[in-house]
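Each remark here refers to the structure printed beneath this line.
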Protein chains: 2
Amino acid sequence: MMELTRKGEYAVRGIIHLARQPYGTVVLLGEIAEAAEIPQTFLAKIFQNFAKLGFINSYRGTGGGFSLARPAAEITLRQVVEAVEGPIAPNRCVAPAGECVRSATCTVHTVWRQVQLQAQETLDGVTIEELAREESP
Amino acid sequence: MMELTRKGEYAVRGIIHLARQPYGTVVLLGEIAEAAEIPQTFLAKIFQNFAKLGFINSYRGTGGGFSLARPAAEITLRQVVEAVEGPIAPNRCVAPAGECVRSATCTVHTVWRQVQLQAQETLDGVTIEELAREESP
DNA sequence: ACCTTCAAGACCATTTTTATCTTTTTTAGT
DNA sequence: ACTAAAAAAGATAAAAATGGTCTTGAAGGT
């Protein structure tokens, strides 16, 4: 239940790899994909999205690649995960677009809400910098 | 991300409906399905599984149906959810069958582990009896 | 010009979800 | 015994999500 998809897993691994380089370093997509063991074309899609969202910068042409657009300490795990997987919600009824008719009276709703808040808080409390720093290759 | 499926939602709604009846009452599948707005044949599958797992008893033939096999206060939300959705795990790397090679060194792993533990605890702390009692029709 | 690298969009196979349908088995009541 | 009711079990299937690939285009460096 409630599992991160490959896309989410790849996104996290990819951005952590980028965060391990000195800040500002431009890294080839192929290098990240190889190092993090991610299908390159798949990672391309993920990073295209990250660039749009302002997490990373992309540069075309010779010497091109990707670099972090802001310090890794200012990117939370929640931001990364939600960027690819959408809002964290253990049930439809607590999703932002949720049209839960029963929310006022339904106790299960409050349980899902609590699970949601706990997960959000936990992921908010972790930055990519921490993950890049502490994780071994 | 991490959303309960319809099956899980139906399972919870179905067993709560059963728990609202006086303990031991045998209820028709069709009645539960109608009351909880669940496709009957789908609920049948879910309840077959519940019966196998010992949450509910099933009775065939005339006057048959389903009843709780143990008091609703002794069935937790986590048990119900895991029965249909499988173990709670925000990422493969913290799943019971998980073959996470990096678990020793990977910090992300510990984050997912924490999310997992919090969700498990929360769902462990809620019984079907509470949900049946407090929830309005 | 030409090569490199990312962007964008179409495409596609597989798996999961969300069911339905049919047949069989069990049971109660007559 | 017979019959009707009800769940069990298994086959089937449409729709959606997942996990990618491929092609073409655009931008940048040499």
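Heavy-atom basis, side chains included; hydrogens, waters and symmetry copies ignored. Chain A is the first sequence line, chain B the second, and so forth, proteins listed ahead of strands; every chain is numbered from 1.
Distance B/L43 CG to D/dA6 C1': 14 Å, rounded to the nearest Å. In this entry the distance linking CG of B/L28 with C1' of D/dA5 reads 9 Å, nearest Å. Separating the CZ atom of B/F66 from the P atom of D/dA6 is a distance of 12 Å, rounded to the nearest angstrom. Atom CD1 of A/I32 and atom C1' of C/dT5 are 12 Å apart (whole Å). Put simply, NZ on B/K7 is 16 Å from C1' on D/dA16, counting in whole angstrom units. Here C/dC21 presents its C1' atom at 15 Å from CZ of B/F42, a figure rounded to the nearest Å. Distance A/R6 CZ to C/dT15 P: 12 Å, rounded to the nearest Å. In this structure, CD of A/E85 is placed 13 Å from P of D/dA17, rounded to the nearest angstrom.
Between the side chain of B/R60 and the base of C/dT25 there is at least one donor-acceptor pair of N/O atoms closer than 3.5 Å.
Side-chain contact check for B/Q48 and B/S58: no donor-acceptor pair (N or O, by modelled atom type) lies under 3.5 Å. In summary, the side chains of B/Q118 and A/T122 do present a donor paired with an acceptor at a separation below 3.5 Å, with no hydrogens or angles considered. Side-chain atoms of B/E9 and A/N91 form a donor-acceptor pair, as typed in the model, at a separation below 3.5 Å.
Among the heavy atoms of the strands lying under 4.0 Å from A/Y59 are primed sugar atoms or P, OP1, OP2 only; no base atom is included. If you check every strand for non-hydrogen atoms under 4.0 Å, B/T5 touches sugar and phosphate atoms only. Nucleic acid contact for A/S58: sugar-phosphate only, since backbone atoms but no base atoms lie under 4.0 Å from a heavy atom of the residue. Within the nucleic acid shown, A/G30 has no heavy atom closer than 4.0 Å to any nucleic acid atom.
Listed nucleotides D/dG29, C/dT20, D/dG20 differ in distance to A/T62; the shortest reach to its side chain belongs to D/dG29. In this structure, of D/dA9, D/dG28, D/dA8, it is D/dA9 that holds the atom nearest to the side chain of B/K52. The side chain of A/Q48 lies closest to C/dA7 when the candidates are C/dA7, C/dT20, D/dA4. Closest approach to the A/K45 side chain among C/dG9, C/dT20, D/dA8 is made by C/dG9 (side chain taken as heavy atoms from C-beta onward). The side chain of B/R92 approaches D/dG19 more closely than any other nucleotide in the set C/dC6, C/dA19, D/dG19.
Residue A/E74 qualifies as enclosed at atom CD: its count of foreign heavy atoms under 6.0 Å is above 12.
The phosphate of D/dG20 has OP1 or OP2 within less than 4.0 Å of a side-chain N or O from A/Y10.
A/Y59 has its ring centre no less than 6.0 Å from the ring centre of A/F66.
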